[in-house]
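Quick notes on the structure that follows.
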Amino acid sequence: MNTEQVRVRFAPSPTGDFHVGGARTALFNYLFAHHHSGKFILRIEDTDQKRFNPDAMGWLTNGLSYLGLDWDEGPGKGGEFGPYVQSERLNIYNEHIQILLDKGFAYRCFCTPERLEQVREEHKANKVDIGYDRHCRNLSNDESIKRAEAGEAFTVRIKLPLDGNTTVTDAIRGDIVFDYGRLQDSVLIKADGIPTYHFANVVDDHLMKISHIMRGDEWVNSLPLHMYLYQCFGWEPPILAHLPIILNPSGKGKMSKRAQRAPDGSEYPVFVRQFEGAGYLSDALVNFMALLGWSFDDKTEEMTRDELIQRFSLDRISSSPAAWNYEKLNAMNGDYLRQLPNEDLVSRIEPFLTSAGFDYTQDRLLKLIPLVKERMTTLSDSVNQLDIFLVEDLKPYDVTLLLPKKTTAGETASLLKAVHPALEISEFTQEKIEEMLRRLVSELDVKAGQLFQPIRVAVCGRKAAPPLFETLEALGKTWSLNRIGNAITLLES
RNA sequence: GGCCCGUUCGUCUAGUGGUUAGGACUCCAGGUUUUCAUCCUGGCAACAGGAGUUCGAUUCUCCUACGGGCUACCA
């Protein structure tokens with residue numbers, strides 16, 4: 001184990017939306033850094049100009065701050081190893097590629113994309129494994145320089161050993177052996193002068209004194225190339241840990257980067273901002289993601305951020321992929337939500353109520369929140385839970401909801417008519433309401449449910465609702481009686 | 001196709017050379033209850049298959065199957 005300061009990085013490329021797969025990688029890096037009182041560095045790998053997306057940076061930083069994954073060094077934060085955006089480090093890569101060229105560890109390749117494509121196809125047809133035929137590998141130094149100076153376009157490729165093998169060590173998977181004979185002379189610098197990921201990442205990780213690399217599983221195959229680069233430079237490589245990927249809920253295939261549709265047509269969130277927009281608490285999301293590929297013991301599931309930091313360790317990361325489970329996330333989010341103090345919960349639902357166009361005061365919400373708290377799984381549920389309290393007119397509902405089994409509209413209407421005078425009380429409180437309605441039940445000689453259900457539907461417009469007496473009090477006498485009146489009209493029409 | 005990684009209830013996972021293989025989500029049943037939900041109790045449910053090593057393998061090794069990843073002048 002490296003005894004130097006722990007320095008880890010999250011190094012996304014700004015090509016698209018901030019996906020939960022990336023978020024989980026960022027989280028593990030963050031937890032590891034904080035566990036070791038080290039540094040969590042954000043580095044932007046924008047070496048692909050074609051796929052650059054100008055919105056990506058905002059999605060990323062907003063997402064990280066929603067998740068509470070603050071970085072110690074990186075864009076907007078600075079740090080002594082900057083710049084932290086790769087497109088601003090081109091001179092550094094130029095210097096370093098020159099070292100490799102001078103030492104003969106890399107060579108210029110003048111092959112055109114067309115020729116490469118053709119070679120690849122031929123090789124494919126002949127079932128040859130390797131795409132590139134190393135056509136330019138043995139060009140003389142003189143010719144190479146001459147052609148470059150003449151302005152001919154070129155890439156720079158690594159000159160990998162032609163045979164033998166190499167053993168690389170992964171902190172999660174152990175030793176992995178690769179045959180050099182099956183590897184390609186990958187491109188290090190593209191024809192536009194910009195490095196590929198492989199080259200930039202090695203140079204930057206070394207220069208930024210990264211102690212541990214925790215990244216997605218999809219990089220294990222490029223391990224021998226990266227390790228060989230460290231060797232060429234004579235640098236000591238960081239400790240590597242390849243994280244298991246996140247699978248779709250079905251367990252089939254990598255977690256999609258396209259918005260998924262549920263069987264009922266609704267959309268599953270897959271991007272961080274979609275989870276935020278759907279009203280997931282970041283603490284719950286973080287807790288849930290921490291458990292995807294990592295565990296503390298055989299029973300501990302809910303952990304605060306500090307506990308996560310305190311308990312996180314590399315050796316409890318699993319090597320097998322994990323499927324994303326929305327039900328479990330929902331259950332966890334509901335738990336977190338219920339544990340929130342009412343004041344806190346109120347301030348978190350406000351943005352959702354505002355964008356739904358509701359009028360409210362904080363005091364009002366504070367009174368209402370206990371009624372709906374245990375019926376919510378996400379913050380956005382507050383909208384369709386609280387609408388009946390915040391909007392005077394009920395949405396139209398099916399009249400049959402008003403009718404308990406085996407009762408007619410006429411019977412129910414007359415029951416509701418009896419409710420009206422019973423609730424003409426000056427003190428419109430839960431206790432008084434209950435007293436009056438229970439008395440009414442025995443006077444009318446009906447079962448409690450026979451009376452309560454129609455009232456509930458009359459005032460809520462639906463069968464599933466918070467407890468009746470509290471609901472009536474929260475609604476107030478005027479709204480309650482008006483709605484009961486409306487129900488009677490509905491029954492008699 | 002080649003290379004690499006992986007495989008414990010449906011899902012996330014714990015675990016050990018000898019355990020009634022544990023927990024959580026889901027689901028089911030019951031309780032609380034005026035509905036829904038919460039909450040409580042209980043239940044269903046797993047070591048992919050085959051060889052080997054061993055007194056004994058879910059655990060160690062190999063093979064097969066299956067799943068996944070990579071195979072670009074993308075990351």
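FYI, side chains are in, hydrogens and waters are out, and symmetry mates aren't considered; it's all heavy atoms of this structure. Keep in mind that what you see is a predicted model, and the values were worked out from it rather than measured. Throughout, protein chains are lettered first and strands after them, A, B, ... in sequence-line order, and every chain is numbered starting at 1.
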Checklist outcome for this item: Of the candidates B:C3, B:C12, B:C36, the side chain of A:R375 sits closest to B:C36
Item to check | Length of the line joining A:Y326:OH and B:A24:C1', which is rounded to integer Å | outcome: 19 Å
Next on the checklist: When the P atoms of B:G49 and B:C9 are compared, how many Å lie between them, rounded to an integer?
Outcome noted: 10 Å
Checklist entry - With the threshold set at 4.0 Å, does a side-chain nitrogen-carboxylate oxygen contact exist between A:R462 and A:D387? => result yes
Checklist entry - Using the P atom in both, what is the distance from B:U13 to B:C55, to the nearest Å? => result 36 Å
Item to check | Options B:C73, B:A14, B:C12, nucleotide nearest the side-chain atoms of A:S295 | outcome: B:A14
Checklist entry - Roughly, in whole Å, what's the span from CZ in A:R182 to P in B:C5? => result 13 Å
Checklist entry - Among B:C25, B:C73, B:A24, which nucleotide sits nearest the side chain of A:R157? => result B:C73
Checklist entry - Who pairs with A:V119 by side chain to side chain contact (heavy atoms under 4.5 Å, CB included), at least two apart in sequence or on another chain? => result A:R115, A:H123, A:D133
Next on the checklist: Checking contacts here: which listed nucleotide (B:U35, B:C5, B:C73) is nearest the side-chain heavy atoms of A:K50?
Outcome noted: B:C73
Checklist outcome for this item: Separation of B:U33 atom P from A:F452 atom CZ, nearest Å, is 14 Å
Nucleotide N/O to protein N/O under 3.5 Å, stretch nucleotides 62-70 of chain B:
from  : atom 1 : to     : atom 2 : distance (Å)
B:G69 : OP1    : A:K254 : N      : 3.4
B:G69 : N2     : A:N221 : ND2    : 2.7
B:C70 : OP1    : A:K254 : NZ     : 3.4

Checklist entry - Relative to the 5' end of RNA chain B, which residue comes earlier, A:E374 or A:I176, by the nucleotide with the nearest heavy atom? => result A:I176
Checklist entry - Can you name the side chain to side chain contact (heavy atoms under 4.5 Å, CB included) partners of A:A465, sequence neighbours left out? => result A:R456, A:C460
Checklist outcome for this item: Those residues at least two apart in sequence (or on a different chain) that pass side chain to side chain contact (heavy atoms under 4.5 Å, CB included) with A:R375 are A:Q385, A:P466, A:P467
Next on the checklist: What is the distance, to the nearest angstrom, from the CD atom on A:E470 to the P atom on B:A37?
Outcome noted: 17 Å
Checklist entry - Over how many whole Å does the gap from A:D297 atom CG to B:C12 atom P extend? => result 18 Å
Next on the checklist: Output the rounded distance in Å from CG (A:N325) to P (B:C9).
Outcome noted: 14 Å
Checklist entry - Do the charged groups of A:R120 and A:E117 touch, with an N to O distance under 4.0 Å? => result yes
Checklist entry - Between A:R173 and A:S319, is any side-chain donor less than 3.5 angstrom from a side-chain acceptor? => result no
Next on the checklist: Measuring from the side chain of A:A465 (C-beta onward, heavy atoms only), which nucleotide among B:U35, B:A75, B:U26 has the closest atom?
Outcome noted: B:U35
Checklist outcome for this item: The residue among A:R305, A:E302, A:E307 that forms side chain to side chain contact (heavy atoms under 4.5 Å, CB included) with A:N287 is A:E302
Item to check | B:C74 phosphate, OP1 or OP2, under 4.0 Å from A:S13 side-chain N/O | outcome: no
Next on the checklist: Quick check for you: among B:A24, B:U26, B:U35, whose closest atom lies nearest to any side-chain atom of A:K328?
Outcome noted: B:A24
Checklist entry - Of the nucleotides B:U35, B:C12, B:C73, which has the atom closest to the A:P467 side chain? => result B:U35
Next on the checklist: Distance check needed: B:A75 P versus A:K257 NZ, whole Å only.
Outcome noted: 13 Å
Checklist entry - Between B:C36, B:U7, B:C74, which nucleotide has the shortest distance from any of its atoms to the side chain of A:A464? => result B:C36
Checklist entry - Which residue pairs pass the salt bridge (Lys or Arg N to Asp or Glu O under 4.0 Å) test with at least one member in residues 150-159 of chain A, sequence neighbours excluded? => result A:R147-A:E152
Checklist outcome for this item: For residues 438-450 of chain A, the salt bridge (Lys or Arg N to Asp or Glu O under 4.0 Å) pairs (sequence neighbours left out) are A:E434-A:R438, A:E435-A:R439
Checklist entry - Once you round it to whole Å, what is the distance between C1' of B:U35 and CD1 of A:I388? => result 12 Å
Next on the checklist: Using the side-chain heavy atoms of A:Q184, tell me which of these nucleotides is nearest: B:A37, B:U71, B:C12.
Outcome noted: B:U71
Next on the checklist: In whole Å, measure the gap between the C1' atoms of B:U38 and B:U33 for me.
Outcome noted: 11 Å
Item to check | Residue whose nearest RNA chain B nucleotide is more 5′ - A:F178 or A:Q453 | outcome: A:F178
Next on the checklist: Which nucleotide wins on minimum distance to the side chain of A:K299, given the candidates B:U7, B:U26, B:G22?
Outcome noted: B:G22
Checklist entry - If we take the P atom in both B:U59 and B:G52, what is their distance in whole Å? => result 14 Å
